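Note that the structure is predicted; figures quoted are calculated from it, not measured. Start at 1 with the first residue, then count along the sequence.
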Amino acid sequence: MRADPVNTGFAFSPSLQKRAKLVDEFTKDIAYFSWMFASPSRMNFIKTELYSKKLPDYFAEANEIKQKALEAYKMPLLITGYVAASGNFVLDGEPSEVMGLNVKGDFEAVTESTAAKFTPLFKKQ
């Protein structure tokens, strides 16, 4: 998957990337013959950490994120203004919906009461 992260979906699945990092961490000093010489407790620990929980559907997660990226690509956002220090919008025109960062740092549809100050505002093309 790492050899072709886009076509395999690896690039679109944050939880799979996190899982791969965990597997790398646990297996970094294990060679193909390590099972003969490693202590049973270490091997049991690795098995427990890596295989004790049911894995999420990485493919579904990757497809969902990929579809959102394709939707965003098909409908690009245009900058339409900014949020002033007072919290008021300074807009170019009157867009029907304004997108921007809320005070929590999430990108979504915002109003003057939910938008983070000093941030750009966008409208759909």
Side-chain angles (χ1 to χ4, degrees):
M1 286 192 287
R2 290 182 184 164
D4 190 7
V6 173
N7 289 326
T8 61
F10 185 74
F12 301 106
S13 178
S15 57
L16 180 57
Q17 293 170 13
K18 184 178 175 184
R19 171 78 175 175
K21 187 175 180 181
L22 179 69
V23 169
D24 288 345
E25 184 179 315
F26 281 125
T27 59
K28 65 183 170 196
D29 3 320
I30 296 180
Y32 68 92
F33 54 83
S34 294
W35 64 272
M36 293 186 289
F37 304 107
S39 68
S41 61
R42 177 160 190 235
M43 296 310 279
N44 287 337
F45 171 74
I46 291 171
K47 285 178 188 175
T48 302
E49 287 297 314
L50 295 181
Y51 304 113
S52 63
K53 299 178 224 160
K54 184 179 178 191
L55 296 176
D57 188 351
Y58 298 123
F59 187 71
E61 178 191 35
N63 274 338
E64 180 182 340
I65 291 173
K66 183 178 177 183
Q67 287 305 317
K68 287 180 181 179
L70 288 172
E71 287 172 22
Y73 178 76
K74 290 176 185 174
M75 187 180 292
L77 298 174
L78 299 173
I79 194 158
T80 189
Y82 62 94
V83 183
S86 62
N88 296 330
F89 288 175
V90 178
L91 296 172
D92 179 27
E94 289 294 323
S96 59
E97 182 180 39
V98 178
M99 306 289 289
L101 291 176
N102 65 18
V103 292
K104 295 178 185 175
D106 298 324
F107 187 78
E108 62 183 13
V110 291
T111 62
E112 288 185 347
S113 62
T114 61
K117 296 178 183 177
F118 305 111
T119 57
L121 297 170
F122 300 90
K123 66 179 178 179
K124 293 182 180 177
Q125 188 174 23

Item to complete: State plainly whether one hydrophobic cluster holds both M99 and L91, where clusters connect Ile, Leu, Val, Met, Phe, Trp and Tyr through side-chain heavy atoms under 4.5 angstrom apart.
Response: no
Discussion item. Determine whether a donor-acceptor pair (N or O, by modelled atom type, separation under 3.5 Å) exists between the side chain of T114 and the backbone of V110.
Written reply: no
Worksheet entry | Whether over 12 other heavy atoms sit under 6.0 Å from F59 CZ | no
Fill in: Minimum heavy-atom distance between V83 and K117, given as atom pair plus value
CG1-CA, 3.8 Å
Fill in: CG-CZ distance between L101 and F107, expressed to the nearest 0.5 angstrom
7.0 Å
Worksheet entry | Main-chain N/O of G87 paired to E112 side chain as donor or acceptor, under 3.5 Å | no
Worksheet item: Can you list every pair that meets side-chain hydrogen bond (donor to acceptor under 3.5 Å, both in side chains) and has a residue in residues 91-107, with sequence neighbours left out?
Response: N102-E108
Worksheet entry | Interatomic spacing from CG in N88 to OH in Y82 - rounded to 0.5 Å | 10.5 Å
Worksheet item: Rounded to the nearest 0.5 Å, how far does CG of L22 lie from OG of S15?
Response: 12.0 Å
Worksheet item: When rounded to the nearest 0.5 angstrom, what is the spacing between NZ in K18 and OG in S13?
Response: 11.5 Å
Worksheet item: Are any non-hydrogen side-chain atoms of F12 and V6 less than 4.5 angstrom apart?
Response: yes
Discussion item. Less than 4.5 Å apart, side chain to side chain, heavy atoms only: is that true for L78 and P95?
Written reply: no
Fill in: Gap between atom OG1 of T48 and atom NZ of K53 - 0.5 Å precision
11.0 Å
Item to complete: Return yes when atom CZ of F89 has more than 12 non-hydrogen atoms of other residues, nucleotides or ligands closer than 6.0 Å, and no otherwise.
Response: yes
Worksheet entry | Contact check, side chains of V23 and R19, non-hydrogen atoms, under 4.5 Å | yes
Item to complete: Find the distance between CD1 (I65) and CG (L70) and round it off to the nearest 0.5 Å.
Response: 12.5 Å
Worksheet entry | N-O pairing of E64 and K68 below 4.0 Å | yes
